[in-house]
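What follows is a short report on a single structure.
These numbers come from the heavy atoms of this one structure, side chains and all, not from hydrogens, waters or symmetry mates. Only a predicted model underlies this, so the values are computations on that prediction, with no experimental measurement involved.
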Amino acid sequence: MKYDFGSIEPKWQKIWKEKKSFAAQDHSDKPKFYGLVEFPYPSGQGLHVGHARPYTAMDVVARKKRMDGYNVLFPMGYDAFGLPTENYAIKNHIHPAKVTHDNIQNFRSQLQMLGYSFDYDREVNTTDPAYYKWTQWIFLQLFKKGLAYKTTMPVNWCTSCKCVLANEEVVEGVCERCGSPVIRKEKSQWMLKITEYAQRLIDDLDDLDFIERVKIQQRNWIGRSTGAEVTFKSTAGDDIVVFTTRPDTLFGATYMVLSPEHELVKSWLEAGRLANADEVTAYQKAAASKSDLERTELNKEKTGVRLDGVKGIDPVNGREIPIFISDYVLSTYGTGAIMAVPAHDDRDWEFAKKFGCEIIEVVSGGEDVQKEAFTAKDDTGIMVNSEFLNGMTVKDAIPAITKWLEEKGIGHEQVNYKLRDWVFSRQRYWGEPIPMVWCDKCGWVPLPEDQLPLLLPEVASYEPTDDGESPISKMTDWVNTTCPCCGASARRETDTMPQWAGSSWYFLRYMDPHNDKALASKEALEQWSPVDWYNGGMEHTTLHLLYSRFWHKFLYDIGVVPTKEPYAKRTSHGMILGEGGEKMSKSRGNVINPNDVIAAYGADTMRTYIMFIGDFEKAASWSDNGVKGCKRFLDRVWNLSEKVTGGMEQSEANAAALHKAIKKVNEDIDAMKFNTAIATLMALVNDFYANGCTKGDYGALLLMLSPFAPHMAEELWEQMGYAKDHGGMACEQPWPVYDESKTVAQTVTIAIQVSGKLRGTVEVPAGSDNAAIEHAAKEVPTVAKFLEPLDIVKVIHVPGKLVNFIGKPKG
RNA sequence: GCCGGUGUGAUGGAAUUGGUAGACGUGACGGACUCAAAAUCCGUUGGGCUAAUCCCCCGUGUGGGUUCGAGUCCCACCACCGGCACCA
């Protein structure tokens with residue numbers, strides 16, 4: 001009997017589908033387990049091995065959880081709005097909905113070919129109006145709570161996508177998706193107030209079981225820093241509020257810097273206070289036109305203009321100090337104004353050197369501050385030149401000065417975040433329409449909820465426009481409407497939502513995917529929340545993962561969802577690289593197509609290999625020989641079926657190995673150590689070949705193998721008659737039980753050390769006492785040789801492992 | 001610059017968290033089967049010394065340290081990878 005995966009795999013896929021073997025139960029006495037993987041963007045290229053790694057991993061977990069007696073929800077869907085589909089549609093003159101539909105068909109069949117145990121009846125598709133109705137609904141709730149607002153501001157504009165980008169979508173000054181330059185553009189945009197949730201997004205991480213690097217990256221991105229706001233005066237009589245994390249260095253402030261966009265600069269210009277107005281406006285203009293890339297360029301020289309006509313007044317000592325504008329101060333962070341302390345800040349120091357500003361040391365303990373800034377914020381520095389702070393450490397000076405500022409009413413403690421509000425509109429066609437209407441009388445009016453979903457209109461051309469408007473803006477029939485509030489003629493919002501909208505709540509829809517009354521019923525939300533285990537890519541840490549936590553917290557606040565966090569546990573997989581360790585790419589020609597692997601070796605081999613490839617969290621390179629090795633292993637499992645002897649009892653010869661394996665594979669799957677779980681199974685098969693195996697031994701092996709190679713496991717389970725004996729498929733069986741006492745072999749090998757150096761080993765019966773082990777150990781010739789010139793002063797025993805004789809030279 | 005991670009045979013990677021380093025797989029070499037090849041099976045495979053698969057010495061990026069014992073802990077350094085970056 002040959003291992004014919006080509007017929008076995010479709011056979012079982014059909015049976016699982018017909019029997020709905022993996023349907024999550026809405027009502028069940030079993031404990032629930034909700035396992036989630038990131039739903040794919042259904043691109044034209046289809047599924048790639050990068051998808052297969054996390055999907056296979058969570059499929060193994062889900063299958064294992066079912067065997068452990070859980071009611072498992074393991075769903076799949078499609079995040080189908082987005083630019084590639086739209087661009088493909090433009091190029092080929094096909095409606096994006098049609099492209100999406102075809103791509104999804106292809107994806108689904110690929111997922112099924114890999115034998116994933118998704119509950120396909122719960123599939124969601126973000127472009128389905130029945131789905132995006134609720135995406136729009138959530139937007140309306142955000143608007144009603146004041147968390148969605150439209151404002152004009154400089155935004156990131158991708159020159160190639162012809163579309164605005166969120167801060168999270170700009171990576172090193174270029175578009176995260178297409179790599180084109182990003183420029184600043186003044187535009188009116190819908191914004192979501194994620195900043196309102198900044199503190200909670202940080203705080204609530206503490207209680208979550210997320211891998212540490214995810215937490216760190218999110219905290220880093222939100223970028224909380226505590227300092228003080230201090231009010232300076234200007235010689236023109238204005239208040240200039242600055243933010244600083246080093247209020248202790250207030251006495252060392254020798255000049256001030258405002259961002260070029262600062263309001264005060266505008267008002268001084270208008271009031272004609274600045275003698276060098278031309279120079280100032282020229283600088284403002286130059287700064288405004290700079291691209292993100294130019295603004296963030298490394299090691300670039302500081303630039304700026306000194307304001308001629310207005311000075312700042314240091315509130316602690318009344319000193320008049322010059323004011324500059326410079327683009328090293330960002331208008332979007334803090335108050336857009338700083339006090340500059342060149343002695344204790346690298347950037348200020350560099351600027352001061354270039355513009356000839358005074359450098360006054362206020363913290364001693366560093367090198368000469370005329371040569372470099374001393375920035376240590378710990379106990380190494382002592383305050384000097386700072387009146388009542390003198391003699392304190394920096395650590396003590398910060399609260400002291402903060403308290404003083406508060407008492408004088410010129411400052412207070414302040415927390416700032418790097419996180420900015422989320423730019424939420426996109427000037428493209430293939431996205432959710434934003435359900436808002438502009439009325440000249442009433443302003444922005446939300447569409448009444450009973451008019452949802454607001455469908456995407458049919459348009460003649462999906463082409464993005466150069467004027468920065470969405471293609472939908474050309475559809476005057478759709479755009480022109482009446483105000484839901486006063487009935488006057490009004491215009492619809494023509495921008496659409498970003499791709500991240502639909503994915504910010506999709507995991508909720510899986511709980512109750514066909515509900516047309518709510519995004520999901522209360523009961524379903526109660527039953528399944530939160531997601532117990534969510535695996536996904538690190539690249540989404542500050543995008544999808546952060547956005548969806550924000551939306552979920554909002555939904556929690558308005559009483560829609562029962563938990564304050566969406567995901568209890570988050571893990572992340574490493575990338576699959578091409579053979580030789582290079583990133584897979586079409587241009588390198590090293591892309592592995594899962595379909596080819598399945599055709600040549602079968603889905604079970606593909607699954608087993610991708611789990612065996614290496615540490616799940618780390619990047620791993622594809623190896624065709626590695627695939628062959630896994631195929632060899634499965635062949636050996638298959639061929640072993642002909643060597644099975646005896647009945648359902650487990651053989652003594654294999655007992656220790658088998659029970660250890662049951663324990664180890666069980667633990668390894670929970671810990672995502674899939675590679676060692678498979679290694680354990682391989683070693684067990686080697687043992688079975690060496691010792692022979694009974695039907696009982698073999699059945700346990702098949703069950704342990706079933707999460708990894710489910711088709712083969714089912715087929716052998718059936719052919720060998722287990723299905724009949726146990727009444728059901730392998731995937732319906734409980735995980736084999738191990739007996740702790742049987743995991744211990746009858747004899748153990750004890751390592752013998754003399755003074756910490758390995759000198760031999762000895763076999764003793766398990767459970768031998770120390771005296772017996774010592775006696776046996778001393779008999780070993782290589783040990784005796786080294787023991788001979790020594791007086792033993794101490795013996796260290798590690799039970800079941802090792803004995804170590806410590807001696808000193810005789811005499 | 002700041003934060004985090006990693007470094008182990010020819011190679012992907014193991015090592016019960018301080019207790020026999022190199023599990024398992026790949027590759028290579030030798031053998032069996034075969035007219036032959038593929039497939040399969042058996043054996044060997046960190047380096048040195050050696051007639052020897054005896055013994056001994058060395059060996060987990062580098063240099064120190066703690067310990068009876070260190071891949072694992074501590075200190076200093078080097079290399080690579082990732083995130084953030086003029087965030088006051």
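- Using a 4.0 Å cut-off between a side-chain N of Lys or Arg and a carboxylate O of Asp or Glu, A:E740 and A:K663 qualify as a salt bridge.
- Separating the P atom of B:C42 from that of B:A52 is a span of 27 Å, rounded to the nearest Å.
- When the C1' atom is used for both B:U8 and B:U62, the distance is 15 Å, rounded to whole Å.
- In this structure, A:K302 is positioned above the aromatic face of A:Y328, its NZ or CZ under 6.0 Å from the six-membered ring centre and within 45° of the axis.
- Atoms CZ (A:R636) and P (B:A39) sit 15 Å apart, rounded to a whole Å.
- No close placement of the A:F355 and A:Y255 rings is indicated, their centers lying 6.0 Å or farther apart.
- In this entry the base of B:U11 is anti relative to its sugar, with a glycosidic angle more than 90° from 0.
- Salt bridge present: A:K631 and A:D635 bring a charged side-chain N and a carboxylate O closer than 4.0 Å.
- Panel note: side chain A:S572, backbone A:M538; a donor-acceptor pair is recorded below 3.5 Å.
- Separation of the P atoms belonging to B:U45 and B:C24 is 12 Å when rounded to the nearest angstrom.
- Because its glycosidic torsion is more than 90° from 0, B:G63 is reported here as anti.
- What separates NZ of A:K628 from P of B:U40 is a distance of 10 Å, to the nearest Å.
- Aromatic ring pairs are classed by plane angle as parallel below 30°, tilted from 30° to 60° and perpendicular above 60°; the pair A:H540 and A:H544 is perpendicular.
- Contact annotation: the side chain of A:F674 never approaches that of A:I610 to less than 4.5 Å [non-hydrogen atoms, C-beta and beyond].
- Residues A:M682 and A:G760 both approach RNA chain B. Their nearest nucleotides, taken by heavy-atom distance, put A:G760 toward the 5′ side.
- Within the structure, a side-chain polar atom (N or O) of A:S225 is placed less than 4.0 Å from OP1 or OP2 of B:A88.
- Using atom C1' as the reference point in both B:G13 and B:U60, the two lie 13 Å apart (nearest Å).
- Spacing of C1' atoms, B:C57 relative to B:U40, comes out at 41 Å, to the nearest Å.
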Problem set entry | Secondary-structure string, 5' to 3', Watson-Crick or G-U under 3.5 Å, | for another-strand partners, for RNA chain B | (((((((..(((......[....)))((((((.......))))))(((.......)))..(((((..]....))))))))))))....
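- The side chain of A:N625 lies closest to B:U26, out of B:C58, B:C56, B:U26.
- Comparing B:G27, B:C24, B:C56 by their nearest atom to the side chain of A:A679 picks out B:C24.
- Comparing B:U40, B:C24, B:A88 against the side chain of A:R632 picks out B:U40 as the nearest.
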Seminar exercise, completed: In 5'-to-3' order, the base (B), backbone-only (S) or no-contact (-) status of each nucleotide in nucleotides 9-19 of chain B, using a 4.0 angstrom heavy-atom cut-off, is ---BSSSB--B
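- Rounded to an integer number of Å, the gap from A:Q414 CD to B:A88 P is 12 Å.
- A donor-acceptor pair under 3.5 Å is formed between the side chain of A:H344 and the backbone N or O of A:V363.
- Residue A:Y333 places at least one side-chain N or O under 4.0 Å from the OP1 or OP2 atom of B:A88.
- Residues A:N654 and A:N691 have side chains that bring a donor and an acceptor to within less than 3.5 angstrom of each other.
- Comparing the C1' positions of B:A79 and B:U20 gives an interatomic distance of 31 Å, to the nearest angstrom.
- One atom, NE2 of A:H344, and another, P of B:G1, lie 21 Å apart when rounded to the nearest Å.
- Distance from the side chain of A:I216 is smallest to B:G4 among B:C24, B:G4, B:U20.
- Here A:Y609 and A:Y601 keep their ring centres 6.0 angstrom or further from each other.
- Taking atom CD1 on A:I752 and atom P on B:G69, their separation rounds to 18 Å, with Å as the unit.
- Along RNA chain B, the nucleotide nearest A:C630 and the nucleotide nearest A:S755 are compared for position; the residue whose nucleotide lies closer to the 5' end is A:C630.
- Judged by distance alone, the side chains of A:Y333 and A:S259 never bring a donor and an acceptor atom under 3.5 Å apart.
- A gap of 29 Å separates the P atoms of B:G31 and B:G12, to the nearest Å.
- An OP1 or OP2 oxygen of B:U20 is reached within less than 4.0 angstrom by no side-chain nitrogen or oxygen of A:R759.
- Atom CG in A:L419 sits about 16 Å away from atom C1' in B:A85, given to the nearest Å.
- As rounded to the nearest Å, B:A88 and B:G71 have P atoms that lie 43 Å from one another.
- The nearest whole Å value for the distance from the CD atom in A:E212 to the P atom in B:G5 is 9 Å.
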